[in-house]
Amino acid sequence: MAATPNKSTGGPALDVQRIRADFPILQQKVHDERPLIYLDNAATSQKPQLVIDALTTYYTQYNANVHRALHYLGEQATARYEAVRKKVADFIGAGDSGTVVFTRGTTESINLVARAWGAARLQAGDEIIVTGMEHHSNIIPWQLCCRERGARLRWVELLPDGTLDLEQYREVLNERTRLVAMTHVSNVLGTLNPVAAMAHEAHQIGACVVVDGAQSVPYLPVNVAALDVDFFAFSGHKCGGPTGAGVCWIRRERLAEMEPFMGGGEMIERVHDDDATWAEPPYKFEAGTPNIADVIALGAALEYLEGLGMEAVHTYEQALTTYALDTLAALPGVRIFGSAPERGGAVSFAVEGLHPHDLSQYVDQHGIAIRAGHLCAQPLMRRLGVPAVSRASLSYYNTTAEIDALAASIRRAQKFFGHG
Ligand SMILES: *Cc1c(COP(=O)(O)O)cnc(C)c1O
C-alpha cells in the first residue's frame with residue numbers, strides 16, 4: 001500500500017514523503033543504522049524545521065520580555081506572542097482571543113481550572129464527574145480539589161468496546177454535579193467521546209464541562225464553540241510545537257467567575273501593601289514571564305498544520321489507524337484494547353506471553369519507538385484488568401510501511417521469546 005491511504009475517500013491526499021522531509025529527526029538512523037520509525041506520537045510529536053527555526057529566530061533576532069518593554073525588541077516579541085493567541089483562537093474555533101490562556105500544557109491547564117475555578121466555585125457536598133478512561137492529568141487535579149473543597153469524585157464506566165456508558169453517565173449526573181471532566185480522545189483506547197452531547201446534558205443540570213484535548217487537537221479539526229464546553233485544554237508539544245507551551249481555553253462567562261491561579265508579575269492591575277487588584281483575563285492567569293519562544297513556535301506549528309489542512313490530516317490518520325488496527329489484529333496472539341467506531345490514532349495492544357516492556361525493548365532494536373506501561377491511566381488499566389499495555393500511536397508523517405515493519409518486528413519478538 002502506498003503512503004497515501006486516503007485516496008479512496010476522495011479527500012486531498014497528503015504527500016507524506018514530502019512532509020517527512022520537513023522533519024529533521026525523521027531523517028536520522030538509530031542503533032545499527034536503522035531508519036527511525038517513530039510510533040510514540042501520543043507521548044509527544046516530532047517538530048518540523050519551521051518550528052525549530054521559530055525558536056532560534058526569536059533568540060537570535062528579537063529576544064525580549066513581553067508586555068513590559070517599550071522598545072523595539074519588546075514590541076516585536078509582544079506582537080508575535082499576542083499574534084499566536086489570535087492564531088490559537090482561530091485554530092480551535094474560539095473566535096475571541098481573550099479566552100485563550102497560555103500554559104505549559106494540558107496538565108497545567110487542568111490544574112489551572114481546578115485551582116482557579118474549583119477553589120472559587122466548589123463547596124462541600126458538590127460532585128465532580130470523571131470517566132474511567134482519563135489520563136492522570138484529568139484525575140489528580142480533581143482528587144486534590146475534592147480533598148480541599150470536601151467535594152466528591154464520581155466515575156463514568158466503560159462499555160466492553162471502550163466507549164463510555166452513557167446510560168450510567170445519566171445516572172451519576174445529578175443536581176449536586178458541578179463539573180464533568182472528560183477526555184476528547186483517549187490516549188489508550190483511542191475512543192472519540194461524544195463531548196457535545198455529554199456537555200449538553202451536563203449544562204441542562206447546570207454543571208460545567210472541562211475537556212482534555214491533548215489527543216484530539218493533533219488529530220482532528222476542533223471547534224470549541226461547536227462542542228459548547230466550558231474549558232478546553234491541550235498541549236502544543238503533541239501538535240508539532242515545542243514543549244513548554246500549551247493552552248487553556250476558557251468560556252467568557254467562566255473567566256469572570258475565576259480566582260487567580262498563580263500570583264506575581266503580569267497578572268496584576270494595582271498592588272497595594274495589603275492586597276491587589278487583578279489584570280483582565282487572560283493576563284490574570286498568566287503570572288510571570290511566559291514561555292515566549294515556545295508560544296511563538298507553537299504558532300509556527302499551528303501554521304504548519306493549517307498548511308496541511310486538519311481535514312486532510314484527519315482523513316489520512318483515520319485511514320492509517322484502520323490499517324494499523326487491521327494489521328496488528330491479524331497477528332496471532334495479539335489483542336487490541338478498544339474497538340470504538342469513532343477513534344483517534346492511539347492503538348494499544350497486548351501480545352500473548354510477552355510483557356509490554358520486553359516487547360518495546362525488542363522492537364526498539366529494529367529502530368521502532370512504541371510505548372509500554374500504564375500510559376498515565378492506572379484507573380483505566382484496572383478496568384482493563386492489565387498492569388500495562390503496548391501502544392503504537394500514529395501521526396500524519398507515519399506510513400503503512402512503518403506499520404508493516406512493526407508487525408514484522410512483533411512476529412520476530414514472538415519467535416525470539418518462544419511464543420509463536
Ligand atoms: C499527554 C496527555 C496529557 C498530559 O499532557 P502534558 O503535555 O504532559 O501536560 C493529558 N491528557 C492526555 C489524554 C494526554 O494524552
Spacing of [atom1] belonging to [X] relative to [atom2] belonging to [Y], to within rounding of 0.5 Å:
X: Leu36; Y: Ile25; atom1: CG; atom2: CD1; answer: 7.0 Å
X: Tyr38; Y: Arg20; atom1: OH; atom2: CZ; answer: 13.0 Å
X: Leu55; Y: Ile292; atom1: CG; atom2: CD1; answer: 12.5 Å
X: Lys238; Y: Tyr219; atom1: NZ; atom2: OH; answer: 15.5 Å
X: Ser348; Y: Arg391; atom1: OG; atom2: CZ; answer: 6.0 Å
X: Ser137; Y: Asn111; atom1: OG; atom2: CG; answer: 7.5 Å

Under-4.0 Å salt bridge between [X] and [Y]:
X: Glu148; Y: Arg115; answer: yes
X: Arg149; Y: Asp126; answer: no
X: Arg254; Y: Glu257; answer: yes
X: Glu306; Y: Lys87; answer: yes

[X] to [Y] - nearest heavy-atom pair and separation:
X: Pro24; Y: Lys47; answer: CD-O, 3.8 Å
X: Ala287; Y: Gly263; answer: CB-C, 4.0 Å
X: Leu14; Y: Ala312; answer: CD2-CB, 3.7 Å
X: Cys239; Y: Ser45; answer: N-OG, 3.6 Å
X: Ala116; Y: Phe285; answer: CB-CE2, 4.1 Å
X: Asp228; Y: His203; answer: O-CE1, 2.8 Å

Using atom types as modelled and distance alone, determine if a side-chain donor or acceptor of [X] lies under 3.5 Å from a backbone N or O of [Y].
X: Thr44; Y: His237; value: yes
X: Arg383; Y: Leu158; value: no
X: Gln76; Y: Leu73; value: no
X: Tyr397; Y: Gln17; value: no
X: Lys284; Y: Glu269; value: no
X: Asp40; Y: Ile370; value: no
X: Thr177; Y: Leu173; value: no
X: Gln215; Y: Gly344; value: no
X: Thr78; Y: Gly74; value: yes
X: Asn63; Y: Tyr58; value: no

Just wondering, do [Y] and [X] contact through their side chains at under 4.5 Å, heavy atoms?
X: Trp142; Y: Ile110; answer: yes
X: Asp212; Y: Val185; answer: no
X: Leu166; Y: Pro194; answer: yes
X: Met133; Y: Thr183; answer: yes
X: Leu220; Y: Met310; answer: no
X: Tyr304; Y: Asp22; answer: yes
X: Ile336; Y: Leu328; answer: yes
X: Val101; Y: Pro281; answer: no

Acceptor/donor pairs from residues 358-369 side chains to any protein atom, 3.5 angstrom cut, sequence neighbours excluded:
residue : atom : partner : partner atom : Å
Ser360  : OG   : His357  : O            : 3.3
Asp364  : OD2  : His31   : NE2          : 2.8
His366  : ND1  : Ser409  : OG           : 2.6

Would you please classify the geometry between the Tyr81 ring and the His67 ring as parallel, tilted or perpendicular, with 30° and 60° separating the classes?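 Perpendicular, since the angle between the ring planes exceeds 60°.
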Give the ring-plane orientation class for His374 versus His136, where under 30° counts as parallel, over 60° as perpendicular and anything between as tilted.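 Because their plane-to-plane angle lies in the 30° to 60° range, the rings of His374 and His136 count as tilted.
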Answer yes or no: are there more than 12 heavy-atom neighbours, outside Glu342 itself, under 6.0 Å from its atom CD?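 It does not: Glu342 CD has 12 such atoms or fewer within range.
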Atom CD of Glu167: over 12 foreign heavy atoms under 6.0 Å: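 No, the 6.0 Å shell around CD holds no more than 12 heavy atoms from other groups.
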Should Asn398 and Asn41 be marked as a side-chain contact (heavy atoms from CB on, under 4.5 Å) after you check the CA-CA gap, both sets of side-chain angles, and the distance that decides it? CA-CA 10 Å; Asn398 290 126; Asn41 294 285; 3.0 Å; yes
Have [X] and [Y] got a donor and an acceptor in their side chains that come within less than 3.5 Å?
X: Thr289; Y: Asn65; answer: yes
X: Ser109; Y: Thr103; answer: yes
X: Ser235; Y: Thr106; answer: yes
X: His184; Y: Ser216; answer: yes

Member of [options] meeting the side-chain contact (heavy atoms from CB on, under 4.5 Å) criterion with [X]:
X: Arg343; options: Leu189, Thr322, Leu325; value: Leu325
X: Thr191; options: Asn187, Val188, Asn193; value: Asn193
X: His135; options: Pro379, Ser186, Cys376; value: Cys376

Evaluate Val88 against Phe102 for side-chain contact (heavy atoms from CB on, under 4.5 Å), listing each step before the verdict. CA-CA 10 Å; Val88 168; Phe102 289 120; 4.1 Å; yes
Compute both the distance and the angle, then confirm whether Arg80 meets the cation-pi test with Tyr62: under 6.0 Å from the six-membered ring centre, within 45 degrees of the axis.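 Geometry flag: set, cation within 6.0 Å and 45°.
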Within 45° cone and under 6.0 Å: Arg178 NZ/CZ vs Trp117 ring: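 Judged by the rule (NZ or CZ under 6.0 Å from the ring centre, within 45° of its axis), Arg178 is not positioned above Trp117.
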Please list, chain by chain and in numerical order, all residues satisfying side chain to side chain contact (heavy atoms under 4.5 Å, CB included) with Pro387, sequence neighbours excluded.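 Partners of Pro387 under the side chain to side chain contact (heavy atoms under 4.5 Å, CB included) test: none.
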Taking only residues two or more places apart in sequence or in another chain, which ones pass side chain to side chain contact (heavy atoms under 4.5 Å, CB included) with Val386?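 Arg335, Phe337, Met381, Leu384, Val389.
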Step-by-step side-chain contact (heavy atoms from CB on, under 4.5 Å) determination, Ile403 to Leu394: CA-CA 9 Å; Ile403 292 162; Leu394 309 172; 4.3 Å; yes
side-chain contact (heavy atoms from CB on, under 4.5 Å) assessment of Leu112 paired with Phe231: CA-CA 10 Å; Leu112 187 163; Phe231 307 95; over 6 Å; no
